[in-house]
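First up is the structure itself, then whatever we jot down about it.
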Protein chains: 2
Amino acid sequence: MKKKDKNLYEAKAKVLKSLAHPTRLWMAEQLSAGEMCVCEFVEQIDADFSTISKHLSVLKQAGIVEDDKRGKQVYYKLRVPCVMNFMECVEAVIAQNAKDQAALLR
Amino acid sequence: MKKKDKNLYEAKAKVLKSLAHPTRLWMAEQLSAGEMCVCEFVEQIDADFSTISKHLSVLKQAGIVEDDKRGKQVYYKLRVPCVMNFMECVEAVIAQNAKDQAALLR
DNA sequence: TCTACTATTTGTTGTTTGGCGAAATAAGCA
DNA sequence: TGCTTATTTCGCCAAACAACAAATAGTAGA
């Protein structure tokens with residue numbers, strides 16, 4: 001692996017890593033349907049609000065989402081909508097895993 | 001988030017997490033061009049061979065790659081080729097990050 | 001069989017992440 | 001201004017991860 005590549009792969013890994021957490025992934029998928037405020041996430045996720053805020057900041061740092069403060073509330077939305085496109089493929093991997101798993105039992 | 005969903009998102013996150021490491025991501029991209037044996041990775045990556053083997057096993061466990069032992073060597077290949085499709089989008093995120101970064105300096 | 005080679009597994013260590021609760025910050029309202 | 005609500009930041013601890021080195025296992029050939 002070339003040195004120049006190394007930085008590129010680190011950058012790519014950082015983006016993926018930000019999505020590689022169940023809560024953050026769920027958040028990102030919700031946002032693919034439209035913006036949401038922090039308070040809505042707090043209502044729907046069973047975790048401390050400080051934890052939720054932290055997850056959102058990880059997504060923001062990675063460039064997945066952007067925030068917008070309006071009054072007392074902060075709204076988040078996807079910054080690069082294509083982000084959720086590849087979920088289809090992630091699901092394909094899981095489906096294949098399940099299939100192979102099932103085959104083992106036969 | 002519904003309880004049933006929780007498991008699904010954990011499974012998806014596991015797949016993403018397996019790719020969310022610079023070395024593993026690079027490996028997966030190499031494999032998108034065709035199978036490779038462990039020894040080839042060892043030649044090309046500056047890390048202990050045990051580390052490399054471990055990374056491959058993480059990818060295998062996630063269902064990203066499958067292995068095939070032939071003689072003394074073990075060959076790995078992508079199990080679900082679409083896996084690399086979404087890299088395009090990851091790159092789009094990085095490009096956008098760079099753009100915004102540049103805008104700050106203006 | 002004994003040896004050399006390839007790869008995986010295990011043990012150890014240091015680093016990073018994830019989560020909570022408390023404190024700090026920001027905005028709107030009485 | 002002082003109070004309340006919404007969110008972020010900080011400090012702390014436990015769990016997960018990454019890397020190396022040493023030990024182990026499988027295969028091919030002498």
Side-chain angles (χ1 to χ4, degrees), chain A residues 1 3 6-7 9-28 30-31 35-77 79, chain B residues 1 3 6-7 9-28 30-31 35-77 79:
Chain A
M1 174 158 43
K3 279 176 192 172
K6 203 172 164 250
N7 291 324
Y9 283 91
E10 276 169 9
K12 288 186 189 178
K14 185 183 169 189
V15 171
L16 286 176
K17 199 187 259 183
S18 75
L19 288 168
H21 183 288
T23 303
R24 292 196 294 266
L25 192 51
W26 184 84
M27 286 171 150
Q30 297 305 300
L31 291 178
E35 66 172 20
M36 286 175 70
C37 80
V38 178
C39 54
E40 289 174 284
F41 284 122
V42 170
E43 271 170 27
Q44 294 178 50
I45 298 171
D46 182 29
D48 194 273
F49 63 93
S50 66
T51 302
I52 291 167
S53 176
K54 183 89 170 295
H55 281 313
L56 286 165
S57 95
V58 171
L59 289 173
K60 184 180 161 188
Q61 270 242 315
I64 303 292
V65 302
E66 58 193 12
D67 60 349
D68 177 22
K69 184 157 197 168
R70 288 185 224 137
K72 277 191 288 192
Q73 286 151 356
V74 178
Y75 286 81
Y76 280 86
K77 66 178 172 191
R79 184 149 147 284
Chain B
M1 174 156 44
K3 280 175 192 170
K6 204 172 163 248
N7 291 323
Y9 283 91
E10 276 168 9
K12 288 186 189 178
K14 185 183 169 188
V15 170
L16 286 175
K17 199 186 259 183
S18 75
L19 288 168
H21 183 288
T23 303
R24 292 196 294 265
L25 193 52
W26 184 85
M27 287 170 151
Q30 297 304 300
L31 292 178
E35 64 171 22
M36 287 176 69
C37 81
V38 178
C39 54
E40 290 175 283
F41 284 121
V42 169
E43 271 171 27
Q44 293 177 52
I45 297 172
D46 181 30
D48 194 273
F49 64 95
S50 67
T51 302
I52 291 168
S53 177
K54 184 82 175 298
H55 281 312
L56 286 165
S57 95
V58 171
L59 289 173
K60 184 179 161 189
Q61 270 242 314
I64 303 291
V65 302
E66 58 192 14
D67 59 348
D68 177 22
K69 184 158 198 168
R70 287 184 224 140
K72 277 191 286 191
Q73 286 150 357
V74 178
Y75 286 81
Y76 280 86
K77 67 178 172 192
R79 183 150 148 284

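Keep in mind it's a predicted model, so treat the numbers as computed, not measured. Order of the sequence lines fixes the chain letters, A, B, ..., with proteins taken first and strands second; residue numbering starts at 1 for each chain. The basis for the numbers below is simple: all heavy atoms, side chains too, and nothing from hydrogens, waters or symmetry mates.
A salt bridge links Glu10(B) and Lys6(B); the closest N-O separation between the charged side-chain nitrogens and carboxylate oxygens is under 4.0 Å.
Without hydrogens or angle criteria, Glu40(B) side chain to Cys37(B) main chain gives a donor-acceptor distance under 3.5 Å. With hydrogens and angles ignored, the 3.5 Å screen pairs a side-chain donor or acceptor of Arg24(A) with a backbone N or O of Ser18(A). Side chain of Ser57(B) to backbone of Lys54(B): a donor-acceptor contact under 3.5 angstrom is found.
Of all the heavy atoms in Arg79(A) and Gly63(A), the pair that sits closest is NH1-O, 2.6 Å. What you find for Ile52(A) and Val42(A) is that their closest heavy atoms are CD1-CA, 3.7 Å. Residues Leu56(A) and Val65(A) share a closest heavy-atom pair of O-CG2, 4.0 Å.
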Exercise for the section: Would you mind building the protein contact string for nucleotides 17-24 of chain C? One character per nucleotide, 5' to 3', B for base within reach (heavy atoms under 4.0 Å), S for sugar-phosphate only, - for untouched. Expected result: SSSBBB--
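Using a 30° and 60° split on the angle between ring planes, His55(A) and His21(A) fall in the tilted class, from 30° to 60°.
To the nearest 0.5 angstrom, Ile64(A) atom CD1 is 10.5 Å from Leu31(A) atom CG. We find the CE-CE distance between Met36(A) and Met27(A) to be 8.5 Å, quoted to the nearest 0.5 Å.
Taking a 4.0 Å limit (strictly below) on heavy-atom distances, residues 60-73 of chain B reaches DNA chain D at Lys69(B), Gly71(B), Lys72(B).
Counting any heavy atom pair closer than 4.0 Å across all strands shown, Tyr76(A) reaches sugar-phosphate atoms only and no base atom.
Taking 4.0 Å as the cutoff to heavy atoms of chain B, we find the contact window on DNA chain D bounded by dC17(D) to dA28(D).
One interatomic measurement links the two molecules: OH of Tyr75(B) to P of dT8(C), which rounds to 13 Å at whole-angstrom precision.
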